Amino acid sequence: MSVINISDVAYDEFKAFLDSNDVKDYKIRINLAGFGCSGPAFNITLGGDEEGDIVEKVKDITFLIKPELIDDFKGFTITGTAENGRGLSLEPLENAGGGCGSCGGGCGQ
């Protein structure tokens, strides 16, 4: 089962982004940055393997993900500018909740 869905167009854009930032080993960690009014927010960092990681290689890029993120979100889709009109985007396959009913504050997350 693949935990990373990425089209060839998004892959090329993402790899070009990594190359322009001198990322040499193409090891990318997906992290949960927290929850906000729109639900979960994620970030990517450069990092080495950690014990227990889910490791998925897509062409030259290796994605490292904590198992609990896969349990909660079932995996991720990466889209590019040509697909979504706003740039590279990382979205969970399933939303595990955590957003607010309104953006009036007081999320309590």
Side-chain angles (χ1 to χ4, degrees):
M1 175 183 114
S2 179
V3 297
I4 299 292
N5 297 315
I6 184 170
S7 70
D8 288 339
V9 171
Y11 173 86
D12 291 343
E13 183 177 353
F14 190 51
K15 188 165 183 295
F17 170 78
L18 296 175
D19 288 340
S20 71
N21 286 282
D22 295 322
V23 175
K24 302 294 186 218
D25 66 358
Y26 302 117
K27 280 192 175 183
I28 304 301
R29 178 168 297 284
I30 296 175
N31 300 296
L32 177 64
F35 288 90
C37 292
S38 298
F42 302 93
N43 64 22
I44 60 169
T45 58
L46 304 177
D49 302 20
E50 294 179 12
E51 188 173 333
D53 279 345
I54 303 293
V55 178
E56 182 154 336
K57 188 163 185 167
V58 178
K59 299 181 185 180
D60 293 331
I61 303 173
T62 301
F63 294 91
L64 309 169
I65 310 162
K66 295 284 185 200
E68 53 270 18
L69 289 181
I70 301 304
D71 292 343
D72 290 346
F73 301 103
K74 309 305 178 214
F76 299 90
T77 297
I78 300 171
T79 57
T81 304
E83 297 161 309
N84 63 35
R86 64 182 192 273
L88 287 165
S89 177
L90 174 73
E91 300 291 331
L93 293 179
E94 287 186 15
N95 195 337
C100 300
S102 71
C103 286
C107 287
Q109 294 292 333

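This one's a predicted model, so the numbers in the text were calculated from it and none came from an experiment. The basis for the numbers below is simple: all heavy atoms, side chains too, and nothing from hydrogens, waters or symmetry mates.
What you find for Arg29 and Ile65 is that their closest heavy atoms are NH1-N, 4.4 Å. For the residue pair Phe76 and Pro92, the shortest heavy atom distance occurs at CD2-CA, 3.8 Å. In this structure, Ile54 and Pro67 approach most closely via the heavy-atom pair CG1-CA, 3.9 Å. Taking both residues in full, the closest heavy atoms of Phe73 and Pro40 are given as CE2-CG, 3.7 Å, listed atom of the first, atom of the second, then distance.
A chain of hydrophobic side-chain contacts below 4.5 Å, direct or via other Ile, Leu, Val, Met, Phe, Trp or Tyr residues, connects Leu90 to Val23. Side-chain heavy atoms closer than 4.5 Å link hydrophobic residues (I, L, V, M, F, W, Y) into clusters, and following such links, even through other members, never connects Leu93 to Ile30. A continuous path of ILVMFWY side-chain contacts below 4.5 Å connects Leu46 to Leu32, so both sit in one hydrophobic cluster.
Judged as a side-chain hydrogen bond (donor to acceptor under 3.5 Å, both in side chains), and not counting sequence neighbours, Thr77 has no contacts. In this structure Asn84 satisfies the side-chain hydrogen bond (donor to acceptor under 3.5 Å, both in side chains) test together with Thr79, sequence neighbours excluded. For the ring-ring contact (aromatic ring centres under 6.0 Å, His included) test, no residue two or more places apart in sequence or in another chain qualifies with Phe17. Checked against ring-ring contact (aromatic ring centres under 6.0 Å, His included), Tyr26 has no partners two or more places apart in sequence or in another chain. Applying the side chain to side chain contact (heavy atoms under 4.5 Å, CB included) rule to Glu56 yields the partners Ser2, Val3, Ile4, Val58; only residues at least two apart in sequence or on another chain are considered. Considering only residues two or more places apart in sequence or on other chains, Asn43 meets the side-chain hydrogen bond (donor to acceptor under 3.5 Å, both in side chains) condition with Asn31. With sequence neighbours excluded, no residue forms a side chain to side chain contact (heavy atoms under 4.5 Å, CB included) with Asp12. Residues meeting the salt bridge (Lys or Arg N to Asp or Glu O under 4.0 Å) test with Glu83, sequence neighbours left out: none. Not a single salt bridge (Lys or Arg N to Asp or Glu O under 4.0 Å) links Asp25 to another residue, sequence neighbours left out. Residues forming a side-chain hydrogen bond (donor to acceptor under 3.5 Å, both in side chains) with Lys59 (at least two apart in sequence, or on another chain): Asp8.
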Under the side chain to side chain contact (heavy atoms under 4.5 Å, CB included) rule, what do Asp53 and Lys66 come out as? Steps first, then yes or no, please. CA-CA 5 Å; Asp53 279 345; Lys66 295 284 185 200; 3.9 Å; yes
Take Ile44 and Phe14 through the test side chain to side chain contact (heavy atoms under 4.5 Å, CB included) and record every step on the way to the result. CA-CA 12 Å; Ile44 60 169; Phe14 190 51; 3.6 Å; yes
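Leu64 shares a hydrophobic cluster with Val55; the chain of contacts runs through ILVMFWY side chains whose heavy atoms sit under 4.5 Å apart.
Rounding to the nearest 0.5 Å places CD1 of Ile78 at 10.5 Å from CD of Glu91. Within the model, atoms CG of Asp72 and NZ of Lys74 stand 7.5 Å from one another, a figure rounded to the nearest 0.5 Å.
Screening residues 48-72 for ring-ring contact (aromatic ring centres under 6.0 Å, His included), with sequence neighbours left out, gives no hits.
In terms of modelled atom types and a separation under 3.5 Å, the side chain of Tyr11 and the main chain of Asp60 share a donor-acceptor contact.
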